[in-house]
Amino acid sequence: MNAAEATDIAETVLQAYRQMRYDDLARMVDETVWVRKFGATGAVYNVQVQAFWDAQPRGNVRVLAAVDDGKSGRVMCPLTCDFIIAPSGEFVGE
């Protein structure tokens, strides 16, 4: 798996979620979204997006994208990218 390409895909997928409001992301907690994306090299990547409480319910929400190519060792240990948003709508740790 091309790690740079997979990271670009994860960040691109997360960009759409970064545009969402905290309340909408909080409603997504404990849900899983699966998407399939094609990299510039033609490789196919599976992307799993999950939102969950970062430390406590109704606190910060962490949104995580996990990417694998369905073939390499990354299936068991996918590449991940994430962000955290506070109830105020501010991004945490950026």
Side-chain angles (χ1 to χ4, degrees):
M1 181 169 81
N2 181 319
E5 184 173 65
T7 299
D8 288 345
I9 287 172
E11 291 294 347
T12 298
V13 169
L14 285 178
Q15 192 60 31
Y17 290 91
R18 285 178 175 273
Q19 305 304 313
M20 296 173 68
R21 295 181 26 220
Y22 169 87
D23 292 336
D24 296 328
L25 293 169
R27 280 192 284 280
M28 290 180 54
V29 167
D30 296 329
E31 292 181 12
T32 301
V33 176
W34 288 92
V35 295
R36 183 165 277 190
K37 296 287 184 179
F38 292 90
T41 63
V44 179
Y45 295 94
N46 303 306
V47 184
Q48 177 185 15
V49 179
Q50 292 182 297
F52 51 93
W53 302 118
D54 190 50
Q56 61 185 348
R58 298 286 161 212
N60 295 343
V61 173
R62 181 181 299 262
V63 181
L64 180 125
V67 181
D68 71 75
D69 63 0
K71 298 184 266 189
S72 68
R74 287 289 188 181
V75 172
M76 298 304 291
C77 184
L79 182 140
T80 61
C81 295
D82 65 351
F83 68 87
I84 303 170
I85 189 169
S88 65
E90 295 178 71
F91 293 101
V92 177
E94 295 187 351

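- From Arg58, atom CZ reaches atom OH of Tyr22 across 6.5 Å, with rounding to the nearest 0.5 Å.
- Atoms CD and CG, from Glu5 and Leu79 in turn, are 11.5 Å apart once rounded to the nearest 0.5 Å.
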Val61/Trp53 under side-chain contact (heavy atoms from CB on, under 4.5 Å): CA gap, chis, key distance, verdict
CA-CA 5 Å; Val61 173; Trp53 302 118; 3.4 Å; yes
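- Shown here for Met1 and Val67, the closest heavy-atom pair between the two residues is CE-O, 3.8 Å.
- Annotation: side chain of Asp68 is not in contact with side chain of Tyr45 (no heavy-atom distance under 4.5 Å).
- By the criterion of side-chain heavy atoms lying less than 4.5 angstrom apart, applied directly or through intervening Ile, Leu, Val, Met, Phe, Trp or Tyr residues, Val29 is not grouped with Ile84; the two fall into different hydrophobic clusters.
- A pairwise comparison of heavy atoms in Gly59 and Pro87 identifies O-CG, 3.8 Å as the closest pair.
- In the hydrophobic clustering of this structure, Val35 groups with Ile9; members are Ile, Leu, Val, Met, Phe, Trp, Tyr whose side-chain heavy atoms approach within less than 4.5 Å, directly or through other members.
- More than 12 non-hydrogen atoms from other residues, nucleotides or ligands lie less than 6.0 angstrom from CD of Glu11.
- Val92 and Val63 fall into different hydrophobic clusters, defined by Ile, Leu, Val, Met, Phe, Trp and Tyr side-chain heavy atoms under 4.5 Å apart, directly or through other members.
- Between Ile85 and Met20, the closest heavy-atom pair is CD1-O, 4.4 Å.
- Tyr17 pairs with exactly one of Leu25, Asp82, Leu64 by the side chain to side chain contact (heavy atoms under 4.5 Å, CB included) rule, that one being Leu25.
- A salt bridge links Asp23 and Arg21; the closest N-O separation between the charged side-chain nitrogens and carboxylate oxygens is under 4.0 Å.
- Scored by the ring pair (Phe, Tyr, Trp, His ring centres under 6.0 Å) test, Phe91 finds Phe83 as partners (sequence neighbours excluded).
- Closest of all the heavy-atom pairs between Ala86 and Asn60 is CA-OD1, 3.2 Å.
- Atom CZ of residue Arg62 and atom CD of residue Gln50 lie 12.0 Å apart, to the nearest 0.5 angstrom.
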